[in-house]
Amino acid sequence: MDTSYIDLTIRLTLALVLGGAIGIEREYRAKEAGFRTHFLVALGSALFCVVSQYGFGVDLKDSSRVAAQVVSGIGFLGAGTIIFQKNVVRGLTTAAGLWVTAAIGLACGTGMFVAATIATVMVLLGLEVINALIPQLGMTTVELSFSAPSTESVRELISHMRSDGMDVQSYELKERRTSKGELLEANIQLKVKRGTTDNLRVIDYMDPFTDVRISAVEG
């Protein structure tokens, strides 16, 4: 082998640490792929790189092939985190995070420690610091489910939300019979400004409507 066991340990350990750092941030945000997924992706990418460089002897030196396969192969993990439901796409940031984590692992595997560290810092800055500094840029989707006694109550609530700048993308009403009579179950998709309290803002709008009962708010 052209490298020492200490060097191999450093490469793999740094991949684990940097990938785990991104995973901790995703775990904090309660995303589908968290700490374990990210550190495994980074560690696996680094190990593939090391094996391609030193595992097949001196005569077989085409490590770029393995790197290319890692880049394309990580797609199945990313695709698994993307969800398309009710005209809303979720999980794109998590998929992109896995993709860049694989790149960080490859960088650690080839010994490019500075590049891997800088990339990790940039990812964390982009996910946390910049997002906190400019939270109001762009829109986010909030799904609201509630029950109401009549269509008039639903219309009044939707009108109230639209008057305050909330964009009602779509809504669905279903009738359900109960012991107290017929009840309407509504599912509404809203576009609201990005912020840390989107769900709380939506709930606040429900306070004046005493006959409306919230069942779920997702955003």
Side-chain angles (χ1 to χ4, degrees), residues 11-52 63-110 112-113 115-144 167 169-170 187 189-196 198-199 216-219:
R11 295 186 186 198
L12 297 178
T13 302
L14 187 60
L16 186 153
V17 171
L18 296 182
I22 298 175
I24 289 173
E25 189 280 335
R26 295 283 84 191
E27 195 90 41
Y28 174 75
R29 294 292 182 183
K31 299 302 180 180
E32 293 81 4
F35 170 75
R36 291 177 296 179
T37 303
H38 281 78
F39 95 72
L40 286 173
V41 166
L43 182 60
S45 300
L47 183 58
F48 273 124
C49 238
V50 169
V51 170
S52 68
S63 56
S64 62
R65 286 189 178 183
V66 173
Q69 293 301 318
V70 170
V71 172
S72 59
I74 197 65
F76 85 94
L77 277 179
T81 64
I82 298 174
I83 302 172
F84 181 78
Q85 185 179 22
K86 298 180 181 178
N87 299 321
V88 178
V89 179
R90 301 182 184 276
L92 287 176
T93 302
T94 300
L98 289 172
W99 183 63
V100 75
T101 301
I104 291 169
L106 289 173
C108 291
T110 56
M112 300 177 67
F113 304 137
T117 304
I118 292 174
T120 302
V121 172
M122 287 181 172
V123 170
L124 294 176
L125 282 174
L127 291 175
E128 286 296 322
V129 178
I130 296 177
N131 185 62
L133 292 176
I134 48 175
Q136 298 303 320
L137 291 183
M139 305 288 285
T140 186
T141 301
V142 174
E143 295 184 15
L144 173 65
D167 185 11
Q169 294 286 294
S170 63
N187 294 309
Q189 285 187 0
L190 302 168
K191 283 282 187 181
V192 299
K193 288 184 178 180
R194 291 187 183 276
T196 57
D198 295 328
N199 292 355
V217 180
E218 298 179 4

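In this text the structure is predicted, and so the values were computed from the model without any measurement.
Considering CZ of R26 and OG1 of T94, their distance stands at 5.0 Å, rounded to 0.5 Å. How far CG of L106 is from CE of M112: 10.5 Å, rounded to the nearest 0.5 Å. Atom OG1 of residue T120 and atom CG of residue L125 lie 11.0 Å apart, to the nearest 0.5 angstrom.
Considering every non-hydrogen atom in both A119 and I104, the closest pair reads CB-CG1, 4.1 Å. Heavy-atom minimum distance, V50 versus G109: CG2-O, 3.8 Å. Nearest heavy-atom pair, R11 versus A46, reported as atom, atom and distance to 0.1 Å: O-CB, 4.5 Å. Taking all atoms of both residues into account, the shortest heavy-atom contact from G105 to A15 is CA-CB, 4.3 Å.
In this structure L47 satisfies the side chain to side chain contact (heavy atoms under 4.5 Å, CB included) test together with L12, V51, sequence neighbours excluded. For V123, the side chain to side chain contact (heavy atoms under 4.5 Å, CB included) partners are I22, V100, L127, not counting sequence neighbours. Listed by chain and number, the residues in a ring pair (Phe, Tyr, Trp, His ring centres under 6.0 Å) with F35 are F39 (sequence neighbours excluded).
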